[in-house]
There are 2 protein chains.
Amino acid sequence: MKLTKAQKRVLDFILQHIRERGYPPTVREVARAFGYRSPLSAKQHIDALVRKGYLRRASGVSRGLSLAMPLSNASSLSLPVVGTIRAGSPILATENIEEYITVSRELFPLEEGFGLRVVGDSMKDAGILEGDIVIVRPGVEPTQGDIVVALVEDEATVKRLFIEDGTVILKPEHPDMRPMRFKAADVKILGKVVGLIRRF
Amino acid sequence: MKLTKAQKRVLDFILQHIRERGYPPTVREVARAFGYRSPLSAKQHIDALVRKGYLRRASGVSRGLSLAMPLSNASSLSLPVVGTIRAGSPILATENIEEYITVSRELFPLEEGFGLRVVGDSMKDAGILEGDIVIVRPGVEPTQGDIVVALVEDEATVKRLFIEDGTVILKPEHPDMRPMRFKAADVKILGKVVGLIRRF
DNA sequence: ACAAATACTATACATTTGTATAGTATATAT
DNA sequence: ATATATACTATACAAATGTATAGTATTTGT
């Protein structure tokens, strides 16, 4: 069932309260948060949220609210891990997805993203080895020196990014390899590497 | 800090209450659960749990309890991350715990374990850098060549383990460092490194 | 042996809290 | 158009609640 604007605001407040403080708010705390001068104003919104299945309530119990959907869904995120990325086909094409990993938002504060299995040892001096999974946050403007996932010549690679007057420089971290320079149009930055996971 | 039996029982009850109902119990609900005839009996146990760092409390607030550590469930595990490990004091002494991280059992199939923040770059050629968190599984017999956390000379270090007729060899993975040899009695293997997490 | 911490009982009190009754005003759907 | 749901104010009340004071008995550490 759909929520009204006011109901959605109240639900968001309750969610945030539980996430931040670890326990639900009282009816009056909800009222205070929205400037309501009567506790009933808040209670009616909560009643609606319970009726519509968004919240559970133990009646007569102080702070007796809980989420109908477990918070674990909110506190952790399931990310697809791709092995190879080719230009043309979408990054997260199902045939590319090797597995899904669950990472806690606490550890990697993402809204969306994906994992990429590292191929080759071009970033070995940055402690990124073959087989590692790098956690990639797409759609953020990377700054000078960030480690990124870039799509060049039909292949995705992990490199350190520098930009010099319109030229994109992808720098490996390997003693035998040299930085590569590209015209901005020839490189697509898929995202910034924000984490790494390795299994031994 | 260690918990007494009664304190542990109370903590377990509070944990279960939050897990099952979604909100913490009141002081009196704890008292009732254990048959205490005075709310103070429960309060004193809760006071101890707050003092010892297992719970957080908003004072004067009904059900104002929350867990200092994130909740573990069937699919994820909450691991303490320790910064420094010294001989003598127990590994997981509360004053050593920097944070808790939640890892999915899917990713690291553990029943128990801990994280250790890596100091120094003695394992840089194995892709383990300063600041990384290694996931340690204690109590398993490590095999030749495994990366382990070992306690030597009052300090915990991450090294690759070899054993040669009674001698324990801890091998750094760093061009400038040489393997160290110890009598078996002088080294305690705290656990095997089964994973690594890095945040950029 | 002795001090400190632990583990409880009994009772009390000011607040906090969920809920209720009685309204007003506006938006939404049939 | 008209009933229904939404969105609020004002006030009230019994029960729940965190905390406090004053104790007793037992365990633990030194």
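Below, chain A is the first sequence line, B the second, and so on; all start at residue 1.
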**Prompt:** Transitive ILVMFWY cluster of A/Ile169 at side-chain heavy atoms under 4.5 Å: who else is in it?
**Reply:** A/Phe162
**Request:** Return the set of residues passing side chain to side chain contact (heavy atoms under 4.5 Å, CB included) with A/Arg199 (not counting sequence neighbours), or none when no residue passes.
**Result:** A/Glu99, A/Arg117, A/Ile133, B/Leu107, B/Phe108
**Asked** Taking CZ from A/Arg37 and P from D/dA10, how many angstroms apart are they, rounded to a whole number?
**Response** 5 Å
**Message:** Is there a side-chain contact between B/His45 and the phosphate of C/dA7, meaning an N or O under 4.0 Å from OP1 or OP2?
**Reply:** yes
**Fill in**
Separation of D/dC8 atom C1' from A/Ile46 atom CD1, nearest Å, is 15 Å
**Asked** Between C/dT6 and B/Arg9, is there an OP1 or OP2 to side-chain N/O distance shorter than 4.0 Å?
**Response** no
**Message:** Check this one for me: any side-chain N or O of A/Thr4 less than 4.0 Å away from OP1 or OP2 of D/dA5?
**Reply:** no
**Integer-rounded Å distance: D/dA5 P and A/Gln7 CD** = 13 Å
**Interatomic distance where OH belongs to A/Tyr36 and P belongs to D/dA7 [whole Å]** = 8 Å
**Asked** Can you check whether B/Ile135 reaches B/Leu110 side chain to side chain, under 4.5 Å on heavy atoms?
**Response** yes
**Asked** What pairs with B/Lys124 under salt bridge (charged side-chain N to carboxylate O under 4.0 Å, His left out), at least two apart in sequence or on another chain?
**Response** none
**Item:** For A/Ile189, the rest of its hydrophobic cluster, which grows through side-chain links under 4.5 angstrom
**Value:** A/Val148, A/Val152, A/Leu161, A/Ile163, A/Val168, A/Leu170, A/Met180, A/Phe182, A/Val187
**Message:** If the test is ring-ring contact (aromatic ring centres under 6.0 Å, His included), which one of A/Phe13, A/Tyr36, A/Tyr54 qualifies with A/His45?
**Reply:** A/Tyr36
**Shared-cluster residues of A/Val119, by chain and number - hydrophobic side chains joined below 4.5 Å** = none
**Fill in**
residues 127-139 of chain B vs side-chain hydrogen bond (donor to acceptor under 3.5 Å, both in side chains), sequence neighbours excluded, gives B/Asp132-B/Arg198
**Fill in**
Per-helix bend value, the helix from C/dA1-D/dT30 to C/dT30-D/dA1, C1' rotation axes over five pairs per end, 10° rounding, shows 60°
**Message:** Through direct or indirect side-chain contacts below 4.5 angstrom among Ile, Leu, Val, Met, Phe, Trp and Tyr, which residues connect to A/Val61?
**Reply:** B/Tyr23
**Item:** Separation of atom CG in A/Leu3 from atom P in D/dA7, rounded to whole Å
**Value:** 10 Å
Can you check nucleotides 15-25 of chain D for protein contacts, nitrogen or oxygen pairs under 3.5 Å, and list what you find?
{"from": "D/dT17", "atom 1": "OP1", "to": "A/Ser62", "atom 2": "OG", "distance (Å)": "3.2"}
{"from": "D/dT17", "atom 1": "OP1", "to": "B/Arg63", "atom 2": "NH2", "distance (Å)": "2.8"}
{"from": "D/dG18", "atom 1": "OP1", "to": "B/Arg63", "atom 2": "N", "distance (Å)": "2.8"}
{"from": "D/dG18", "atom 1": "OP2", "to": "B/Val27", "atom 2": "N", "distance (Å)": "2.9"}
{"from": "D/dG18", "atom 1": "O3'", "to": "B/Gly60", "atom 2": "N", "distance (Å)": "3.0"}
{"from": "D/dG18", "atom 1": "N7", "to": "B/Arg28", "atom 2": "NH1", "distance (Å)": "2.7"}
{"from": "D/dG18", "atom 1": "O6", "to": "B/Arg28", "atom 2": "NH2", "distance (Å)": "2.7"}
{"from": "D/dT19", "atom 1": "OP1", "to": "B/Gly60", "atom 2": "N", "distance (Å)": "2.7"}

**Prompt:** Can you tell me how far C1' of D/dA5 sits from NZ of A/Lys5, to the nearest Å?
**Reply:** 18 Å
